[in-house]
Number of protein chains: 2
Amino acid sequence: MTDTVASRRHVIADDLRSQISTGSFKAGERLPSEAQLAARYGVSTPTLRNALALLQAEGLVEKIHGTGNFVRHPLRRITYVGGGRTPSQAALHVSIRLTKLRARGHLATLLRVATGSPLTEFRCLSHDGTSPHSLAHIYVPRDLAPDDAPADPPWPQEVANLLPKPFPPLAEVQEKVSVRLPTPLEASLLRISPTLPVLAITRVATDTTGRAIEAALLVLPSDRTDAVFTTRLTTDERSADE
Amino acid sequence: MTDTVASRRHVIADDLRSQISTGSFKAGERLPSEAQLAARYGVSTPTLRNALALLQAEGLVEKIHGTGNFVRHPLRRITYVGGGRTPSQAALHVSIRLTKLRARGHLATLLRVATGSPLTEFRCLSHDGTSPHSLAHIYVPRDLAPDDAPADPPWPQEVANLLPKPFPPLAEVQEKVSVRLPTPLEASLLRISPTLPVLAITRVATDTTGRAIEAALLVLPSDRTDAVFTTRLTTDERSADE
DNA sequence: CAGTGGTCTAGACCACGAA
DNA sequence: TCGTGGTCTAGACCACTGT
């Protein structure tokens, strides 16, 4: 009752999908060329490409121009843990670029500082093995950030907590999650299709004095990412329920 | 340096996009038929349809089979507030369907109850004006849920807190956020394109005794939804940093 | 019924990647 | 260079919606 006559591209996509899941096509392997597949299924190339586009949207297939269509490795999902703490993804290689700039517009609003305030930007690109897995732009008020470029090797993605040691401790982390298409730059850095949406997380960390310590703009591929947030309600909040 | 020669569909999409934003095409209006647009831009119909597909992916245009392409109303974004409390979207009409069932598989795991335990399911479809805006399946252990069907009119989407009045208070809410394509059922209930991804939030609420009170599977259209999570760190957690 | 979008074809030509 | 995917065409036919 649900589907009547599935269109050809769906039939083909279903067939390819099952061949992938049964192992006829293995992870990392190249599929036959689109022309060959079109001939095999007796359809025109646009139709076959439509079928592949379905699989691509599901994250099962990766197209590489001039080279072929590849079965993607079963996606190792990354769990982003909210609340500031917990890198949780220990085994990620992170490359960092440090830039000094001044607060403007949206950024100044997020950090609640005056326009023109000095900031330090960390652009962090984390890799899981060979493939990139997340992109983060982290902004910290200049006086809280170390002046020297940080050591490159093992840096947790959650930076802010480590920086301000003798400062007032972290009190609150607010994270806004939304979904959008990646910018062309983001798509190329993360090596994802520009049509695959990303999880965009805007994170603002505040210390006990109410000062914003960090603003982070995180971009995570939506097909490989879960985000988990745990809220523990205090006794005060609970009694306020009545 | 970024884009060399944008493909025709992008040029067309850009043109239509600007015509929409400048008001040449107004919200809710029907666009000229695809054949007319194709003639106007001097391209074939598949090319023009590709351009429209771009706008559709951005949520700017809605296609209705046999009727036309329509400019979507500027999307009123819904903010989902994590942490259990705060309906926050007061002015939503919610229709609820109540079902009794028994825990199985994943659901039993989430609620940490034995397979076969009696549960009550609330299927909540919330509307914002005419258009549906969220779908929720909420599962509550049968002994915590009222036996009679709840009054239909104003029901906050966050149900669990209201149900168990004399029970141990809520202590912790854990929410897992992921992005996926909607099932055909979800797409039709939410009246969104099956190609537009949804935010899927799995929420488990636990009371002070550690018992799981509620498991909720929420589905929200990704182009109209932000989710905000605020984590307040307790003194204990802060001192554990050192 | 007429008009709309949905699917598909059989080819052409372009752009990219590897040898 | 050659094989790959990327874009586009001009038209056919089907499926849905409203009159």
Side-chain angles (χ1 to χ4, degrees), chain A residues 1-16 25 28-57 60-72 130 184 187-188 191-196, chain B residues 1-16 25 28-57 59-72 184 187-188 191-196:
Chain A
M1 232 21 119
T2 49
D3 276 343
T4 50
V5 275
S7 49
R8 295 203 200 195
R9 59 167 182 267
H10 284 119
V11 175
I12 296 172
D14 289 348
D15 189 58
L16 289 172
F25 294 128
E29 257 183 29
R30 216 205 72 183
L31 295 177
S33 76
E34 300 187 345
Q36 288 171 338
L37 287 174
R40 174 186 307 183
Y41 287 107
V43 298
S44 66
T45 40
T47 302
L48 185 112
R49 284 174 53 72
N50 270 321
L52 286 178
L54 296 177
L55 300 179
Q56 194 187 12
L60 277 175
V61 161
E62 178 179 7
K63 323 197 72 162
I64 304 184
H65 191 162
T67 306
N69 295 281
F70 292 83
V71 179
R72 281 188 38 179
T130 62
S188 71
R191 307 214 327 125
I192 58 176
S193 144
T195 62
L196 190 149
Chain B
M1 222 35 109
T2 47
D3 274 345
T4 51
V5 276
S7 48
R8 297 204 199 196
R9 58 164 180 268
H10 284 119
V11 176
I12 296 172
D14 289 347
D15 188 59
L16 289 172
F25 294 129
E29 258 184 27
R30 215 205 74 183
L31 294 178
S33 77
E34 301 187 345
Q36 289 172 338
L37 286 173
R40 172 187 305 184
Y41 288 106
V43 297
S44 66
T45 41
T47 301
L48 185 112
R49 284 175 53 72
N50 270 322
L52 285 178
L54 296 177
L55 300 179
Q56 194 187 13
L60 277 175
V61 161
E62 178 179 8
K63 322 198 72 162
I64 303 185
H65 191 163
T67 307
N69 294 280
F70 292 84
V71 179
R72 283 189 35 179
S188 71
R191 306 214 326 126
I192 59 176
S193 143
T195 62
L196 191 149

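Just so you know, these numbers use all the heavy atoms, side chains as well, and skip hydrogens, waters and symmetry mates. Protein chains get the first letters and strands the later ones, always in sequence-line order, with residue 1 at the start of each.
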Practice task
Considering just the side-chain nitrogens and oxygens of B/S44, establish if one lies under 4.0 Å of OP1 or OP2 belonging to D/dG11.
Solution key: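 So the side-chain polar atoms of B/S44 never come under 4.0 Å of the phosphate oxygens OP1 or OP2 of D/dG11.
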Practice task
Sequence neighbours left out, what pairs pass salt bridge (Lys or Arg N to Asp or Glu O under 4.0 Å) with at least one residue falling in residues 37-52 of chain A?
Solution key: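 For residues 37-52 of chain A, and leaving out neighbouring residues, the salt bridge (Lys or Arg N to Asp or Glu O under 4.0 Å) pairs sorted by first residue read A/E34-A/R49.
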Completion exercise
Per-nucleotide protein contact along nucleotides 1-7 of chain C, 5' to 3', at a 4.0 Å heavy-atom cut-off (B base, S sugar-phosphate only, - neither), is --BBBSB
Which residues pass the side chain to side chain contact (heavy atoms under 4.5 Å, CB included) test with [X], not counting sequence neighbours?
X     : answer
A/T47 : A/R8, A/V43, A/S44
B/V61 : B/I20, B/L31, B/L55, B/N69
B/D15 : B/S18, B/Q19, B/Y41
B/R9  : B/S7, B/N50, B/A51, B/L54

Practice task
Calculate the interatomic distance between A/L37 atom CG and D/dG5 atom C1'; express it in whole Å.
Solution key: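 Taking CG of A/L37 and C1' of D/dG5, I get 12 Å after rounding.
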